[in-house]
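Shown next, in structure tokens, is the structure this report addresses.
All values derive from a computational prediction rather than experimental measurement. Residue numbers start from 1 in every chain, and the chains themselves are labelled A, B, ... in the order their sequence lines are given, proteins ahead of strands.
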There are 2 protein chains.
Amino acid sequence: MPTIRDVARAAGVSPATVSRALNGSGYVSPETRQRVLDAAARLGFTPSYIARSLVRKATRTLGLLVPDITNPYFPAIARGVEDAAARAGYSVVLCNTDGDPDHEEDYIQFLRERQVDGLVLIASSPRAGELVARGDAPPVVFVDRVPPGARADVVVVDNRRGMLEATRHLLALGHRRIGFVAGRVGSGTAEERLAGYLAALGEAGIAPDSHYIAPGDFTFQGGYQAARGLLSLPDRPTAVVAANDLMAVGVCRAALEAGLRIPQDLAVVGYDDIPMAELIHPPLTTVAQPTYQMGELAARLLMERLEGRAGPEPRRVVLEARLVVRESCGAALAAGGRGG
Amino acid sequence: MPTIRDVARAAGVSPATVSRALNGSGYVSPETRQRVLDAAARLGFTPSYIARSLVRKATRTLGLLVPDITNPYFPAIARGVEDAAARAGYSVVLCNTDGDPDHEEDYIQFLRERQVDGLVLIASSPRAGELVARGDAPPVVFVDRVPPGARADVVVVDNRRGMLEATRHLLALGHRRIGFVAGRVGSGTAEERLAGYLAALGEAGIAPDSHYIAPGDFTFQGGYQAARGLLSLPDRPTAVVAANDLMAVGVCRAALEAGLRIPQDLAVVGYDDIPMAELIHPPLTTVAQPTYQMGELAARLLMERLEGRAGPEPRRVVLEARLVVRESCGAALAAGGRGG
DNA sequence: GCGCCATGTGGAACCGGTTTCATACCGGGG
DNA sequence: CCCCGGTATGAAACCGGTTCCACATGGCGC
């Protein structure tokens with residue numbers, strides 16, 4: 001690997017001049033610049049990013065911490081981050097935390113040692129928030145989930161609102177007994193979605209019935225089990241909304257096995273709009289989150305901050321979720337139908 | 001950020017001794033080591049990976065080039081790479097090439113400048129192979145697809161064999177008119193799978209009928225369109241096998257819309273075993289590729305090579321695909337059924 | 001008592017860039 | 001003619017580690 005000194009020798013100038021010629025900084029005469037460029041090309045010179053990072057004190061590298069890239073919700077976020085980063089000449093280091101606070105902490109430390117300039121964090125534990133608050137982490141943008149008390153930029157979706165719209169939609173179709181498959185307890189996201197569901201019921205003057213609210217864990221199996229419970233209730237719901245799509249698919253499976261048709265016998269609504277939502281039969285009504293945009297925006301906010309183009313105040317971007325109506329919730333219930 | 005010289009001053013020793021104490025290299029007395037460790041902890045010293053990389057001439061960073069992390073086939077590979085890398089203290093830079101040769105080339109150059117130690121490459125174009133052959137790239141392991149003529153380690157799956165097994169299975173169930181939805185032309189993977197299909201037919205003494213082979217492009221839409229064609233043939237197939245799952249799901253949709261039941265009226269088999277394959281109804285029979293293992297193995301081979309623990313010969317690992325029988329291809333056709 | 005080797009430590013060079021500072025030349029204004 | 005500011009370039013310091021080499025000490029074998 002030729003170094004800048006090799007190029008300097010070949011072009012008959014000093015390393016300083018080569019640096020200036022290649023970076024377009026400082027004064028260099030056109031002829032000298034050309035000699036340098038030629039020499040560099042002839043030798044196949046590639047400047048060492050490491051050496052440059054050492055003196056510039058910036059690596060133009062972002063860390064991306066996701067729970068599990070294998071979960072269909074995250075790839076689009078990752079893609080958004082990567083696209084925005086690549087456009088700006090940054091690279092992205094991918095880390096899977098499995099939602100484990102220890103892994104999360106280890107990775108943050110790991111990335112800090114490697115001097116990534118900033119972190120896009122989908123944080124599963126409050127510990128990550130504390131680390132950031134203590135300043136034991138590079139600049140951070142939280143995406144999707146925000147640990148309490150962290151003073152940092154955040155990009156989130158209005159989960160409560162999204163679920164409110166989804167439940168309203170079912171109410172407008174005439175459903176009155178609407179089941180809810182909740183997310184993992186302790187997840188802020190899950191709680192916001194539950195709150196949206198409850199708020200919609202409240203608007204419609206329906207008292208929430210705890211039997212209709214089944215615990216879940218964001219997995220297909222969890223949704224399936226929860227739905228088995230809901231569907232065996234004496235007064236079974238005419239519609240079920242799940243806190244995410246994977247569980248909604250589980251609900252569909254349970255319904256199918258119970259001999260129920262979707263949407264005629266049971267309307268189903270999910271949340272996230274993962275790729276498979278529109279591919280299953282019937283296509284799933286769900287709440288689309290602008291995942292790609294979230295990732296892209298997060299990366300942009302982060303890079304703005306890193307390059308000093310952001311004020312001292314932490315910024316909070318709340319994106320809107322969008323109800324995507326597909327066939328799994330069908331048309332309005334017949335007047336005087338099963339609804340109470 | 002405290003530097004090694006700060007620690008040296010605080011511990012009353014030289015930077016060289018601090019380095020030795022922290023890395024456990026060379027001679028350091030137990031007492032001195034302890035003093036250094038204490039000083040480092042007190043100052044919150046984190047060694048600069050950049051400075052270290054500069055002198056060690058290794059960044060312990062791997063580049064991972066995938067066409068699109070948003071495609072459900074790739075996250076598991078990425079996860080495998082990342083897990084293996086993390087275990088060995090390496091980090092992984094994620095890049096999406098969109099299968100575009102220009103992007104691919106740009107990214108390889110980009111990662112080269114950043115001195116990643118090695119590349120895990122899911123290469124969509126022969127150009128990447130040429131780059132590697134010319135030595136204009138860091139050490140590479142090709143995964144899933146191998147550009148012709150590249151002398152490098154590769155991890156692949158026996159696509160021909162996988163598709164052979166899948167088609168054999170349908171033949172064993174009594175199917176004789178088996179449609180095939182092909183992959184993108186020019187894709188080696190697609191061609192191998194087609195070859196497997198043809199070989200199975202050959203074994204069974206069935207002459208391939210070009211009407212039964214529909215062109216596809218690995219997308220849901222492509223599979224859907226292809227199936228519409230196949231299902232409107234005068235002597236429509238009793239089974240369809242698609243070169244990947246996304247297209248198989250498209251086939252299912254087309255069948256459903258044509259009023260055909262799966263598997264009673266049409267057996268469907270896919271390829272890849274993406275996460276949604278087992279979640280749809282009916283669950284899809286498909287050929288599972290050990291994607292996670294591919295990624296993990298690729299990363300391990302690469303790191304072995306980087307650390308000089310591999311011989312000069314390029315290694316070629318061929319993993320076996322595994323037929324996963326689910327409900328979408330049902331039981332044996334009734335004797336004397338529709339088969340010719 | 002001498003020489004040798006193992007142990008422990010510091011000075012300084014080095015990795016490959018960037019940047020500051022000093023120097024030198026040139027043309028124009030006073 | 002002199003001084004000044006803009007242009008052009010090189011020497012050297014620097015970024016923050018690692019490592020080579022020199023040197024000092026102490027114990028042991030002969």
**Message:** If you assign B/V18 and A/G26 each to the DNA chain D nucleotide with the nearest heavy atom, which residue ends up on the more 5' nucleotide?
**Reply:**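 The answer here is A/G26.
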
**Asked** Nearest nucleotide by nearest heavy atom, which residue falls closer to the 5' end of DNA chain D, B/L54 or B/A16?
**Response**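 Here B/L54 is the residue nearer the 5' end.
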
**Message:** Considering every strand and a 4.0 Å limit on heavy-atom distances, what is the contact class for B/S19: base, sugar-phosphate, or nothing?
**Reply:**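 B/S19: base contact, heavy atoms under 4.0 Å.
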
**Asked** Just by modelled atom types, is the B/V28 backbone N or O under 3.5 Å from a matching donor or acceptor in the B/R20 side chain?
**Response**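 Side chain of B/R20 to backbone of B/V28, a donor-acceptor pair under 3.5 Å: no, none is there.
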
Please tell me which of the listed nucleotides, [options], lies nearest to the side chain of [X]?
X: B/R52; options: D/dG10, D/dG17, C/dG16; answer: D/dG17
X: A/R20; options: C/dG16, D/dG10, C/dA6; answer: D/dG10
X: B/P30; options: C/dG16, C/dT19, C/dG8; answer: C/dG8
X: A/V55; options: C/dT18, C/dG10, D/dG17; answer: C/dT18

**Message:** Whether the side chain of B/R56 and the base of D/dG17 hold a donor-acceptor pair under 3.5 Å is what I'd like checked.
**Reply:**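 No.
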
Gap between atoms [atom1] and [atom2], on [X] and [N] respectively (whole Å):
X: B/Q115; N: C/dC15; atom1: CD; atom2: P; result: 14 Å
X: A/I4; N: C/dT19; atom1: CD1; atom2: P; result: 11 Å
X: B/Q34; N: C/dT9; atom1: CD; atom2: P; result: 13 Å
X: B/R5; N: D/dT19; atom1: CZ; atom2: C1'; result: 13 Å
X: A/R114; N: D/dG16; atom1: CZ; atom2: P; result: 19 Å
X: B/R9; N: C/dG10; atom1: CZ; atom2: C1'; result: 15 Å
X: A/N23; N: C/dG16; atom1: CG; atom2: P; result: 17 Å
X: B/R33; N: C/dT7; atom1: CZ; atom2: P; result: 13 Å

Taking OP1 and OP2 of [N], is either one under 4.0 Å from a side-chain nitrogen or oxygen of [X]?
X: A/S29; N: D/dT9; result: yes
X: B/Y27; N: C/dG8; result: no
X: A/T17; N: D/dG10; result: yes
X: B/S14; N: C/dG10; result: yes
X: A/K57; N: C/dT18; result: no
X: A/T32; N: D/dT9; result: yes

**Asked** Just wondering, do A/L131 and A/R127 contact through their side chains at under 4.5 Å, heavy atoms?
**Response**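 Of all side-chain heavy-atom pairs linking A/L131 with A/R127, none is under 4.5 Å.
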
**Prompt:** Is there a side-chain contact between A/V154 and A/V141, using heavy atoms and a 4.5 Å cut-off?
**Reply:**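 No, side chains not in contact.
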
**Asked** Among side-chain atoms of A/D117 and A/Y90, is any donor-acceptor pair under 3.5 angstrom?
**Response**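 Checked: A/D117/A/Y90 side chains show no N/O donor-acceptor pair below 3.5 Å.
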
**Item:** Short side-chain donor-acceptor distance under 3.5 Å, B/Y107 and B/N96
**Value:**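 Distance-only check fails for B/N96 and B/Y107.
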
**Request:** Validate the cation-pi geometry between A/R114 and B/Y49: distance from NZ or CZ to the six-membered ring centre under 6.0 Å, angle to the ring axis within 45°.
**Result:**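 Geometry flag: set, cation within 6.0 Å and 45°.
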
